[in-house]
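The structure appears right after this line, and notes come after that.
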Amino acid sequence: MLMLVPILTVAVVVQDQTAMRASPTVSAPRQAVLWQGDWLEVRGELKGYLKVWDHRHERPGYVRP
């Protein structure tokens with residue numbers, strides 16, 4: 001029997017008051033403020049931003065790498 005195990009890629013926030021934005025632009029509104037030690041599920045990259053899912057706030061967003 002072959003068992004498939006999903007691979008999860010995570011990123012850890014290293015700077016306090018990191019903005020998670022609604023779209024991959026500097027002018028996009030902030031959806032949440034992240035703190036050092038928060039972890040995010042990485043779901044891709046777009047226009048120099050990481051597309052992430054924040055499990056603590058239960059929402060998607062974009063952060064600068």
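Scanning all heavy atoms of the two residues, the minimum distance from Gly61 to Met20 falls at CA-CG, 3.8 Å. In terms of heavy atoms, Arg56 sits closest to Val33 at NH2-O, 4.0 Å.
When the side chains of ILVMFWY residues are joined at heavy-atom separations under 4.5 Å, either directly or via intervening members, Leu46 and Val26 end up in a single hydrophobic cluster.
Using a 4.0 Å cut-off between charged nitrogen and carboxylate oxygen, Arg43 and Glu41 count as a salt-bridge pair.
The aromatic rings of Trp39 and His55 sit parallel to each other, their planes meeting at less than 30°, with 60° as the upper class boundary.
For the atom pair His57 NE2 and Gln31 CD, the distance stands at 10.5 Å (nearest 0.5 Å). Within the model, atoms CG of Leu40 and OG1 of Thr18 stand 9.0 Å from one another, a figure rounded to the nearest 0.5 Å. Here the OG atom belonging to Ser23 is positioned 12.0 Å from the NZ atom belonging to Lys51, to the nearest 0.5 angstrom.
No side-chain heavy atom of Leu50 sits under 4.5 Å from any side-chain heavy atom of Tyr62. Side-chain contact between Trp35 and Gln17: present, with at least one pair of heavy atoms (C-beta onward) separated by less than 4.5 Å.
A distance-only check finds no donor-acceptor pair linking the side chain of Asp54 to the backbone of Arg59 [under 3.5 Å].
Annotation: cation-pi geometry satisfied between Arg64 and Tyr49 (NZ/CZ under 6.0 angstrom from ring centroid, within 45° of ring axis).
Sparse packing is recorded around CZ of Arg30, with 12 or fewer heavy atoms of other residues, nucleotides or ligands lying under 6.0 Å away.
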